S.K.: 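Sharing a structure below in structure tokens format, with a few things to ask.
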Amino acid sequence: MRVVVFGASGVQGAHQVPVLAQAGHDVVAISRTPKPLEISGKKIETFAADFTDKAKISKALSGADVVFLNLPSTSFNPSGPILQGAKDIGEAAKEARVKLIVFNTSMPVPKEPQNIIAQDDRREMKRLLRETGMPVISIEPVVYIDNLLEGWALPPIRDRNTVVYCHKPELQVSWICHHDVAQLMVAAMQRPELAGRDFAVGGPETVRLEQLTGKLSRAWGRKLEFECQTVKDFCEKIGATMQGRGLETEKIISQMFKAYTYYNEAEDEPFNVDMGPVLKELPVQLTPIEEWAKRRSPPGW
Ligand SMILES: NC(=O)c1ccc[n+]([C@@H]2O[C@H](COP(=O)([O-])OP(=O)(O)OC[C@H]3O[C@@H](n4cnc5c(N)ncnc54)[C@H](OP(=O)(O)O)[C@@H]3O)[C@@H](O)[C@H]2O)c1
């Protein structure tokens, strides 16, 4: 099938392109400034398009069977253009007779609004996409285990052998890797009759931070410690790194505080996903934590 991947150069899309290519699909990798791309010696078609340019999107979607849709965060970017992008992509896909959109919400989207903008925007994106009449399957991942090797989580692991995350000690988390989200999206694409469904997805194991640290220690062959950072401390530290960057720091931090408080305290445990029923409908081999860690580790380890 011809599959157009939006956000193909981002961390999520970059894992979807090889999974699709290795499954034998023709991939079109979209971003604003794509670089030449090869997977296992095979050239991948790229297409430069800003999702605010509807004419370009329509061109990119010509002849496509399926769209994999990854959109940037509205935690750090204004919501308006990204919501409009979702609507335009849905309309262009409908006009181009695309059969299915597999939408990666990139985060949990609770059915009950929690007054958290990033989540509310994801819910609205789904609504806008479906309002166009396009069949849409929504894949809604919990926290990415790959986050440990990025941004603020990497330095304490790399520099002092300590996993620091803003999870309370008893929080049960079904960490998922980008590769498994990609596999689940491919499985969803093969079942267009699931259009209209929303799937909260996690990895194969649900663990507390202490248990996660034990697994990483074994895989990486070194004794790691762990620290359950409070939401307050986490937000203060992020706020300090954002000073002077011209962002609406206070608003972003107060939203982050709400979101992480929700993840830690919500009764419906948004980070705890039983994948048993999901795997019956989207059958894939999920990656155990130690397996993931054997494949990926902090740079230089
Ligand atoms: N669940 C979790 O644990 C977790 C962790 C981290 C992030 N997230 C979420 O993941 C999302 C971010 O995903 P990501 O990390 O893949 O983002 P990213 O790495 O920043 O990538 C964004 C992608 O979108 C493309 N893009 C951005 N603006 C565009 C535009 N106007 N037109 C066309 N393409 C555009 C970028 O390519 P170009 O710049 O080349 O156009 C890139 O390919 C956010 O919603 C964030 O909240 C979730």
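These numbers were taken from a predicted model, which means no experiment stands behind them. Just so you know, ligand 1 is whichever comes first in the structure, and atom 1 is the first atom listed for that ligand.
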S.K.: Which option, Val5, Asp121, Asp50, owns the non-hydrogen atom nearest atom 31 (N) of ligand 1?
M.R.: Asp50
S.K.: Just to be sure I read this right, does ligand 1 sit under 4.0 Å from the backbone of Ser75, its side chain, both, or neither, counting only heavy atoms?
M.R.: neither
S.K.: For Ala49, counting its heavy atoms only, list the atoms of ligand 1 lying under 4.0 Å from any of them.
M.R.: 32 (N), 33 (C)
S.K.: How does Arg122 reach ligand 1, by side chain, by backbone, by both or by neither, if only non-hydrogen atoms under 4.0 Å count?
M.R.: side chain
S.K.: Taking the side chain as every heavy atom from C-beta outward, state whether Pro36 and Thr46 have any atom pair closer than 4.5 Å.
M.R.: no
S.K.: Which option, Pro108, Ser31, Gly13, owns the non-hydrogen atom nearest atom 40 (O) of ligand 1?
M.R.: Ser31
S.K.: Side chain or backbone of Ala8 under 4.0 Å from ligand 1, or both, or neither, by non-hydrogen atoms?
M.R.: backbone
S.K.: Atom NZ in Lys87, atom CG in Leu83: separation rounded to 0.5 Å?
M.R.: 11.0 Å
S.K.: Please collect all side chain to side chain donor-acceptor pair (under 3.5 Å) contacts where either partner lies in residues 65-74, sequence neighbours excluded, each pair once.
M.R.: Gln16-Asn70, Asp65-Lys99, Asn70-Asn104, Ser73-Ser75, Thr74-Asp121
S.K.: Go through ligand 1 atom by atom and flag the ones less than 4.0 Å from a non-hydrogen atom of Gly10.
M.R.: 16 (O), 18 (P), 19 (O), 21 (O), 42 (C), 43 (O)
S.K.: Scan the protein's non-hydrogen atoms and note whether one is under 4.0 Å from atom 20 (O) of ligand 1.
M.R.: no
S.K.: In chain order, what residues pass the side chain to side chain contact (heavy atoms under 4.5 Å, CB included) check against Lys251, with sequence neighbours excluded?
M.R.: Ile117, Glu248
S.K.: Protein non-hydrogen atoms only, distance under 4.0 Å: does atom 46 (C) of ligand 1 have such a neighbour?
M.R.: yes
S.K.: Give the residue, atom name and distance (to 0.1 Å) of the protein heavy atom nearest atom 11 (C) of ligand 1.
M.R.: Gln12 NE2, 3.4 Å
S.K.: Say whether Val11, considering both its backbone and side-chain N or O atoms, lies within less than 3.5 Å of an N or O atom on ligand 1.
M.R.: yes
S.K.: May I ask you to check if ligand 1 and Pro141 share an N or O to N or O distance below 3.5 Å?
M.R.: no
S.K.: Among Trp175, Tyr260, Phe234, Tyr263, find the one that has a ring pair (Phe, Tyr, Trp, His ring centres under 6.0 Å) with His167.
M.R.: Trp175
S.K.: Kindly compute the distance separating CD1 (Ile252) from SG (Cys235), expressed to the nearest 0.5 Å.
M.R.: 11.5 Å
S.K.: Is there at least one protein heavy-atom neighbour under 4.0 Å from atom 17 (O) of ligand 1?
M.R.: no
S.K.: Among Lys126, Arg122, Gln119, whose side-chain hydrogen bond (donor to acceptor under 3.5 Å, both in side chains) with Glu140 holds?
M.R.: Lys126
S.K.: Flag Thr52 as yes when one of its N or O atoms lies below 3.5 Å from any N or O atom of ligand 1, and as no otherwise.
M.R.: no
S.K.: When you measure from the heavy atoms of Val142 to every atom of ligand 1, does any distance fall below 4.0 Å?
M.R.: yes
S.K.: Checking contacts here: is it the side chain or the backbone of Asn70 that comes within 4.0 Å of ligand 1, counting heavy atoms only? Could be both or neither.
M.R.: neither
